[in-house]
Structure formats: structure tokens, C-alpha cells
Amino acid sequence: MKTAKRLIPLLVVILAIMAFGCFHSEKRAVKKAIKNDLDLLKNLDSDTASKYFSYKELFPDIKDDQKQSNEIKDVFPLFFQDFDYKILDVDVDKDKQTASASLRLVTLDANALAKDFTAAKLQREIQSAANMENDQDSKSSSLSLTDLYLIMKELLASDDYDSIERNCTIELAMNDHNAWEIKRTYALENDLVGGLMTYLSDPDILSPEDTLTVYLDSLTEMNTEEMSSFLGVESILNTSDTTRNAIASALVTQVHNTFNYEFKDSKINGYQAVVTTKITTFDSEAILTSYQKKLNEYLASPDAVIDGLEKRLDKSYDMLLDCITANTATKTADASLCLINDGVSWKLDDSNGELGNAIFGTLTTSPVDDTVTE
């Protein structure tokens, strides 16, 4: 009897040791399952990436039935080139056959990448709209899923993004083969890419000022036809006449040479924003003053009567072109530019032509015809 009493504590200790050993054995199994999966991300190739990530997850609103191209498949290996992780803690519930692990992940700065991507995407959309006919109904993005991944690929390949750390929790469960397996969830995919999915779906990832910067910087790269379509400045820019085309091109050159901007104030009211912008551009009034002086001198001469209407028109256009080309004067004025957030991102609302008027001033229409006719 005494022997039995002595054995009971010993058995308790043995069982405790066995349970402790089993618990640690399960923790090791959980860690091994995590390492087997996440180590693959550190040397990720295109084929393995497709097993871990749905390429539609980053851009769920884009309808694209194209077969996955190499451009799409090559993006995630670039994203994970500096990926690393550390297992902080593991918790096992053997009865429920579930486990969870706390991890510290090392990913590239997904917030910075999302901002750069959104800006690059907007720039492509602006360029696409500027190349279309000047029809508001036709100005929409035609970027495909492959186009978006190409933008992402260019950013990842060309820019050196910093690495950041973030903590996350991974859930695991026993599969049918009695082995631990990581549960694939949206939250897990988002954590593994540093929160990129969340950042890309943030309608405020670019502020109104950031958004307007993309619009105004894109403007300086446009040619005559694109600027005409983008700004809706029809009378002076949108023309097929050779002489007027030369004038339009000269005005666009003036924009390229003189245009600058500075944000003074930004006010947001719900889904609307107004950014007060100090815009520097060519001095249209100085050009018109110079033109009017030359024109008056010409019209007061006998040559104007002898030339007749058609020739007077030609000479008037030549004078205007000379005045535009020779101009070096600039003018700075404030413009209130409106933006609207459609739930996806901020977009410029220039339905009142505020931007075109701020840039071209009194030269939004040609001063030649009426003056010379009179």
C-alpha cells in the first residue's frame, strides 16, 4: 500500500513530462509547418507565387479574362526579394486541433509602394483620357489587369523601397493527413504583402494635393492635341488649320516653358475638396497687348487696304504667332481647383474650365478674326 502511494506522485510527474513533451512536440510541428511555407516566399518563383496569391486580390474591381501573362506572374517574386520573418510565439489547442502563431514579418514599405502605384496609375489614366476625343463620356480608364501589374512591376524593378516590420498572427489547423496546415485567408495574404491590399483600396491613399500634383505634372508633358482634349480649350488649340496649329503649338510651348504651381490652401468637405493653387504661366495679356499694337499699326497703313481681308487675316495670324513666340513675360494668379472623391480615389473636377482659364488666360479663344474683320 505504501509502495502504491509512493508511485502515484511519480506517475503524475511522468504524465506531466509526457504531456509537456507532447505539447512541445506539437509546437515544433507547428513551427515546422510555418517554416516550410514561409521559407518558400524568401526564394519565391512565379509558379510558387500562384499557389499563394490570387492575382485578382490586389485589383478585385478589374474585370479581366486574359490568361495570366508573364508580366503578372513576375511581380510577386520582386515584391518578396527582401522578405523575412521571425516566429515569436506559438499556441496549440490539441483538443480543437487548431494553433496560432505570432510572427514579425519583414516586407518592403507597402504604403510607399501603394502611393507610388496610385500616382503612376492616375498618370496613365490622364494620358489615356487626353488621347481620346474631347468627349466627357469617353474619358474612362481602359487599363487592364496586365497594365496594372506592369506598372507595379516597373516600380518594384526600378525603385529601392525601404523594408519595414509588422506583427501578424497566423492560424493553423490539422488537415486530413494529421499534419499542421496554415489557413489561407485574405488577412494573411494582406499581411504577407505588408498591408498592400488595404493600402491600395484606401480612397485617401493620395491626398487632394498629391492627386492634383499628378494632374499638373502630367499637363507639362502633353502635346497640343492632348492638352486641348484634357483642358477642353477648343477655340485656340483644337484646330486643323495649319496657321492656327502653329499658334496652338507656340502656346503649348509657352506652357512648357513657364508653367509652375504652388499649393496655398486645401479644404476638404466630405467627398469634395478645393485646393487653392498659385499658378504661374505665360502672360496672355502681355501677348495680346503686343499683338494689338502691331495690328493697329498695320491696319492704319495703306497696305492693309490693298491686301484685302484674306491677306489681312494671314498677316494677323503671323503677327500673333510672332508675339507668342517672342513672349518672355509670366503671370502668377490663384486658382481654386476642385476635386471629388468617388469612393475609389480623388479626381480633378474641371467642369467649369478653371484650370484651362488659369493657364491660357485671355487666349482661350483667338483674337484675330473679329478684330481683322472689323
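Since we're looking at a predicted model, the values are computed, not measured.
A donor-acceptor pair is defined here as one N or O able to donate and one able to accept, closer than 3.5 Å; such a pair exists between the side chain of Gln254 and the backbone of Asn327. A donor-acceptor pair under 3.5 Å is absent between the side-chain atoms of Glu154 and the main chain of Ile151, judged by distance alone. For the pair Tyr199 (side chain) and Ala110 (backbone), a donor-acceptor distance under 3.5 Å is absent. Put simply, the side chain of Asp350 gets close to the backbone of Leu355: a donor and an acceptor are under 3.5 Å apart. Thr213 places a side-chain N or O within donor-acceptor distance of the main-chain N or O of Glu209, the cut-off being under 3.5 Å. Remark: the backbone N or O of Asn223 is not paired with any side-chain donor or acceptor of His256 at under 3.5 angstrom.
Taken from CH2 in Trp346 to CD in Gln272, the straight-line distance is 8.0 Å, to the nearest 0.5 Å. A distance of 11.0 Å separates OG of Ser290 from CG of Leu295, quoted to the nearest 0.5 Å. One finds the CD1 atom of Ile164 at 9.5 Å from the CG atom of Asp162 (value rounded to the nearest 0.5 Å).
Under the 4.5 Å side-chain heavy-atom criterion for ILVMFWY residues, a single connected hydrophobic cluster contains both Val193 and Leu78. The cluster map of Ile, Leu, Val, Met, Phe, Trp and Tyr, joined by side-chain heavy atoms under 4.5 Å apart, puts Leu108 and Leu188 in the same cluster. Note on Leu212: it does not cluster hydrophobically with Ile205, by side-chain heavy-atom contacts below 4.5 Å among ILVMFWY residues. A continuous path of ILVMFWY side-chain contacts below 4.5 Å connects Val252 to Phe259, so both sit in one hydrophobic cluster. Leu206 is not connected to Leu148 by any chain of hydrophobic side-chain contacts under 4.5 Å among Ile, Leu, Val, Met, Phe, Trp and Tyr, and they are in different clusters.
For Lys183 and Glu171, the salt-bridge test fails: no basic side-chain N is under 4.0 Å from an acidic carboxylate O. In this structure, Arg184 pairs ionically with Asp37, as a charged nitrogen and a carboxylate oxygen lie closer than 4.0 Å. A salt bridge links Lys315 with Asp307; the closest basic N to acidic carboxylate O contact falls under 4.0 Å.
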Intermediate values then yes/no, side chain to side chain contact (heavy atoms under 4.5 Å, CB included), Thr224 and Asn245: CA-CA 9 Å; Thr224 306; Asn245 268 336; 5.5 Å; no
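Side-chain contact between Phe282 and Ile324 is absent, with no heavy-atom pair separated by less than 4.5 Å.
Under the rule for a ring pair (Phe, Tyr, Trp, His ring centres under 6.0 Å), the partners of Phe263 that lie at least two apart in sequence or sit in another chain are Tyr261.
Between the side chains of Ser345 and Lys347, at least one donor-acceptor pair of N or O atoms lies under 3.5 Å. Defined by atom type and a distance below 3.5 Å, a donor-acceptor pair is present between the side-chain atoms of Asn190 and Thr198. Checked by atom type, the side-chain pair Asp322/Thr325 shows no donor-acceptor distance below 3.5 Å.
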